[in-house]
There are 2 protein chains.
Amino acid sequence: MAKYSSDLDGAFAALADPTRRAIVSRLCEGPKSVSELSEPFDMALPSLLKHVRVLERSGLVSSEKTGRVRTCRIEPHALQAAESWINRHVAAWEKRLDRLEAHIHRMKMKRN
Amino acid sequence: MAKYSSDLDGAFAALADPTRRAIVSRLCEGPKSVSELSEPFDMALPSLLKHVRVLERSGLVSSEKTGRVRTCRIEPHALQAAESWINRHVAAWEKRLDRLEAHIHRMKMKRN
DNA sequence: TTAATACTTTCCGCAATGGCTAAGTATTCA
DNA sequence: TGAATACTTAGCCATTGCGGAAAGTATTAA
């Protein structure tokens, strides 16, 4: 299962930070400028910008500069890739549990 | 959306490494000893063990030692928590797109 | 009781991360 | 034109992460 797909490295690493997850959450509501994004955080702007860059590198977010304002928006592909990886594994796990249960059931039948 | 829930920090950070994702994949097939896990990797045992420890700290994996063998198994809760966070956000994103589409549709209606 | 197995601990080195401040650039407002 | 705004770059620092080698401990096999 699961080839080494290093896109996931970046996506999961990006999501490992609470500040970045909060940024992703806010961008799910709609595009925002860097200063709008920084507003709820008690953090210097350059630090926040670094998080935005990490999110961009991971493909979770894209941004575009118009005039002096950089507008950030969410980019769903990377998020969906991460979702898909996890979904597959939870599914695989549950399938295995089902097989195990069926197996135990058969054992019981034999005993009686 | 999404309070700071630092359980996710660990889970996503753990999944950010391809070696650890591969370990999770293999454990989805069933419990394995540390040496069984290490077998496909070109990596010293202590290094691999470190990955297992990271997975344990994140709650994705648990292990138990019997005799001289440590057996590792997958622990689905943390994986489901990560799954749930992503699912919520993909859903939020899609909902927003729907609203946007509906809005654009209304604009068009007005024009005609 | 000796030898092999299966980890486990300790310590090293290097690169990346996450925060900061200070100073710089490019736009826009007055 | 001059000042305010919105980033942006550069550099510093402490911590963490990922790999290794070497040596140690506990179990099991012979």
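All values reported here derive from a predicted model rather than from experimental measurement. Chain naming here is simple, since letters A, B, ... match the order of the sequence lines and numbering starts at 1 in each.
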Taking the minimum atom-to-atom distance to the side chain of B:P46, which one of C:dT27, C:dA6, C:dT8 wins?
C:dT8
Ignoring hydrogens and angles, write down the donor-acceptor pairs under 3.5 Å from the side chains of residues 37-45 of chain A, residues two or more places apart or on other chains.
unit_1: A:S38; atom_1: OG; unit_2: A:S35; atom_2: O; d: 3.0

To the side chain of A:V54, which of D:dT27, C:dT9, C:dG18 is closest?
C:dG18
Of the options D:dG20, C:dC20, C:dT17, whose atoms approach the side-chain atoms of A:S47 most closely?
C:dC20
Exercise: do B:R21 and B:S25 side chains pair donor with acceptor under 3.5 Å
no
Of the candidates C:dT27, D:dT8, D:dA21, the side chain of A:L45 sits closest to D:dT8
Output the distance between atom OG (A:S84) and atom CG (A:L79), rounded to the nearest 0.5 Å.
11.5 Å
Using whole Å, what does the distance between atom P of nucleotide D:dT27 and atom CZ of B:R70 come to?
12 Å
Whole-Å distance, B:L49 CG to C:dT9 C1', equals 10 Å
Rounded to whole angstroms, how far apart are CZ on B:R68 and C1' on C:dA6?
6 Å
What integer distance in Å separates A:R53:CZ from C:dG19:C1'?
17 Å
Find which nucleotide of DNA chain C each of A:R57 and A:T66 is nearest to by heavy atoms, and output the residue with the more 5' nucleotide.
A:R57
note: B:M43, atom CE; D:dG19, atom C1'; distance rounded to Å ~ 8 Å
Between atom CG of B:L60 and atom CZ of B:R20, what is the distance when rounded to the nearest 0.5 Å?
9.5 Å
Are any of A:R20's side-chain N or O atoms less than 4.0 Å away from OP1 or OP2 of C:dG18?
yes
Shortest non-hydrogen contact from A:S63 to A:R70?
OG-NH1, 2.9 Å
Whether A:S33 contacts D:dA6 is assessed here as follows: a side-chain N or O lying under 4.0 Å from the phosphate OP1 or OP2. Is that the case?
no
Does C:dA6 have OP1 or OP2 under 4.0 Å away from a side-chain N or O of B:K65?
no
Report which part of the nucleic acid B:K50 touches: base, sugar-phosphate, or nothing (heavy-atom distance under 4.0 Å, all strands).
base
Separation of A:E39 atom CD from D:dT5 atom C1', in whole Å?
16 Å
Taking CG from A:D9 and P from C:dA16, how many angstroms apart are they, rounded to a whole number?
14 Å
Closest to the B:D17 side chain, choosing from D:dA6, D:dG19, D:dT9
D:dG19
Would you mind classifying the nucleic acid contact of A:A44 as base, sugar-phosphate or nothing, using non-hydrogen atoms under 4.0 angstrom?
base
The answer to which of A:V34 and B:H51 contacts DNA chain D further toward the 5' end, by nearest nucleotide, is A:V34
Which whole-number value in Å describes the distance from A:L55 CG to C:dG18 P?
10 Å
